[in-house]
Undergrad: 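The structure that follows is given in the form of structure tokens.
Chain letters run A, B, ... following the sequence lines, proteins first and then strands; every chain starts at 1. Since we're looking at a predicted model, the values are computed, not measured.
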Number of protein chains: 2
Amino acid sequence: MFELLFQKLEEKIKLTEEEKKLSRSFFVPKKLRKKQYLLQEGDVCKYVAFVEKGLLRSYTINDKGQEHINQFAFEGWWIADQFSFLTREPSKYNIEAMEDCELLLLSKSSEDEMLDKIPKFERYFRILLQNNLIATQKRLVSSLSQTAEERYSELIQDCPTTLPHRIPQHMLASFLGITPETLSRIRRQIISKKAPHIEDNVQG
Amino acid sequence: MFELLFQKLEEKIKLTEEEKKLSRSFFVPKKLRKKQYLLQEGDVCKYVAFVEKGLLRSYTINDKGQEHINQFAFEGWWIADQFSFLTREPSKYNIEAMEDCELLLLSKSSEDEMLDKIPKFERYFRILLQNNLIATQKRLVSSLSQTAEERYSELIQDCPTTLPHRIPQHMLASFLGITPETLSRIRRQIISKKAPHIEDNVQG
DNA sequence: TCTGAGCGTTGATCTACATCAATGCTTTGT
DNA sequence: ACAAAGCATTGATGTAGATCAACGCTCAGA
């Protein structure tokens with residue numbers, strides 16, 4: 001159950017066997033079936049979750065009932081509503097399993113205790129947040145200054161295999177902040193650019 | 001010169017007098033006059049800067065020559081291109097003083113040494129990044145799912161005093177990802193909502 | 001085996017915001 | 001004290017992407 005977590009940890013920090021053993025005790029394993037929720041709007045986000053297996057999405061619902069996906073999390077990634085987790089205020093997000101998932105949950109009190117007893121985790125989470133911040137800033141810049149087509153093209157360039165195969169197109173659209181119709185049209189345009197249309201070539 | 005920095009540090013971590021004294025040695029004070037640059041596109045971001053005094057902006061220039069502001073930093077805030085600082089790749093950002101500034105610069109090697117000698121700073125920077133991430137995520141969500149008017153209204157609600165007084169309107173527009181013309185029109189609309197137009201009331 | 005829901009696609013129309021252009025006010029530098 | 005640059009505003013027009021509506025395909029469940 002902890003294989004992937006420790007693999008990821010070792011990329012950033014070196015833990016002794018002692019520390020590994022101890023750190024396990026702070027996590028609670030949890031399985032989630034497709035369409036089950038890790039967090040629902042209005043609830044306080046009690047855990048940050050490490051994804052050992054599966055795929056989740058985090059989304060909001062606006063006053064018109066439209067879903068807006070703002071994050072996906074695969075194997076090897078963390079997911080939570082950082083704001084609600086930190087402040088204990090009710091969350092505006094829903095976090096839902098899109099596939100059957102195996103998660104490792106870390107509660108606030110466990111996190112505090114873990115950081116206290118194994119200070120190396122301060123560094124690990126700092127680096128994690130740093131990378132997350134860089135990625136989020138990049139998305140923000142591109143959402144403010146690029147067209148929908150540019151954003152889609154970059155997304156499938158950065159993530160050519162995973163995203164299109166495991167995530168339905170209308171959810172990708174939502175993640176990019178556009179409608180499914182627009183994404184469909186963008187894809188058609190891109191395809192016709194790559195393989196230019198051969199004009200009717202009627203003989204005679 | 002270090003008053004504000006230590007005030008801010010104390011909000012997150014407790015330092016001994018010894019540690020305070022030591023930590024000073026890692027920073028390089030730097031004054032910047034209005035319109036001078038802390039970082040220019042193409043250069044590697046060598047420092048994260050704490051702003052003791054003044055105001056800076058971070059922006060990109062796209063292929064059409066348009067500026068896109070993505071961050072402001074006032075007294076008490078940090079500013080840098082995290083990505084370039086981390087990877088040592090050339091930056092895509094320009095960081096420019098909008099007012100005369102007093103900064104405290106921290107180089108990568110100083111940061112590493114400081115984190116090594118005063119591990120409490122791991123926690124400090126982790127918390128800093130966490131808050132920054134939460135704020136950036138909020139901006140991302142709003143840029144993807146709200147109208148320009150909603151974004152502007154929220155901005156002046158969150159920051160009613162500082163922003164409009166120290167930052168010219170066309171830079172606020174750029175920060176919001178809209179044109180100066182659009183922001184001007186939005187402001188007119190908001191004003192006419194607050195103080196509804198009195199219809200011509202010609203007697204007779 | 002049928003049925004209904006979910007999904008992607010396409011067309012027609014609408015709208016928020018961009019772009020282009022002009023004007024007048026304020027600030028800056030010499 | 002003056003010229004020049006920077007800035008906010010307003011109007012006319014253009015456009016990326018949203019919305020509304022319809023259609024066919026696929027697949028899960030009775």
Undergrad: Hey, is the side chain of A:T182 poking within less than 4.0 Å of OP1 or OP2 on D:dA18, counting only N and O atoms?
TA: yes
Undergrad: Would you indicate, yes or no, if D:dA8 has its OP1 or OP2 atom less than 4.0 angstrom from a side-chain nitrogen or oxygen of B:H170?
TA: yes
Undergrad: Looking at C:dT9, I'd like to know if its phosphate oxygens (OP1 or OP2) sit under 4.0 Å from a side-chain N or O belonging to A:S184.
TA: yes
Undergrad: Do the ring centers of A:F50 and A:F27 come within less than 6.0 Å of each other?
TA: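 Ring centres of A:F27 and A:F50 not closer than 6.0 Å.
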Undergrad: Should the side chain of B:R185 and the base of D:dG11 be counted as holding a donor-acceptor pair, with the cut-off at 3.5 Å?
TA: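 By the distance-only test, yes, there is a pair.
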Undergrad: A:L183 CG to D:dA16 C1': how many Å, rounded?
TA: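 It works out to 15 Å between those atoms.
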Undergrad: Donor-acceptor check, side chain of A:R57 to backbone of A:F175, threshold 3.5 angstrom: yes or no?
TA: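 Flag not set: sc A:R57 to bb A:F175 has no pair under 3.5 Å.
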Undergrad: Nearest-Å distance, NZ (B:K34) to C1' (D:dG6)?
TA: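 So the two atoms are 11 Å apart, to the nearest Å.
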Undergrad: Side-chain N or O of B:R188 versus OP1/OP2 of D:dT10: is the shortest distance under 4.0 Å?
TA: yes
Undergrad: Classify the ring geometry between A:W78 and A:F125 as parallel (under 30°), tilted (30 to 60°) or perpendicular (over 60°).
TA: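 A:W78 and A:F125: perpendicular rings.
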Undergrad: Quickly, which of B:T60, B:D81, B:D43 forms a side chain to side chain donor-acceptor pair (under 3.5 Å) with B:S91? Name it, please.
TA: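 The passing option is B:D81.
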Undergrad: Whole angstrom is fine here: how far is it from NE2 in A:H68 over to P in D:dA18?
TA: 9 Å
Undergrad: Look at the side chain of A:E181 and decide which nucleotide, out of D:dA8, D:dA21, D:dT10, has an atom nearest to it.
TA: D:dA21
Undergrad: Roughly, in whole Å, what's the span from CD in B:Q169 to C1' in D:dG6?
TA: 13 Å
Undergrad: Measuring to OP1 and OP2 of D:dG17, would you say a side-chain N or O of A:T179 lies under 4.0 angstrom away?
TA: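 Checking D:dG17 against A:T179, no side-chain N or O comes under 4.0 Å of OP1 or OP2.
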Undergrad: Rounded off to whole Å, could you give me the NZ-to-P distance for the B:K35 and C:dG29 pair?
TA: 7 Å
Undergrad: Measure the distance from CD on A:Q146 to P on C:dA18 and round it to the nearest whole Å.
TA: 16 Å
Undergrad: Return the value, rounded to whole Å, for the distance between atom CD1 of B:I178 and atom P of D:dT15.
TA: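 In whole Å, D:dT15 P lies 21 Å from B:I178 CD1.
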Undergrad: In this structure, how many angstroms lie between the P atom of D:dA18 and the CD atom of A:E149, rounded?
TA: 14 Å
Undergrad: Mind checking if A:Q66 touches a base, just sugar-phosphate, or nothing, with heavy atoms under 4.0 Å?
TA: sugar-phosphate
Undergrad: Any chance the side chains of A:T136 and B:T136 put a donor and an acceptor closer than 3.5 Å?
TA: no
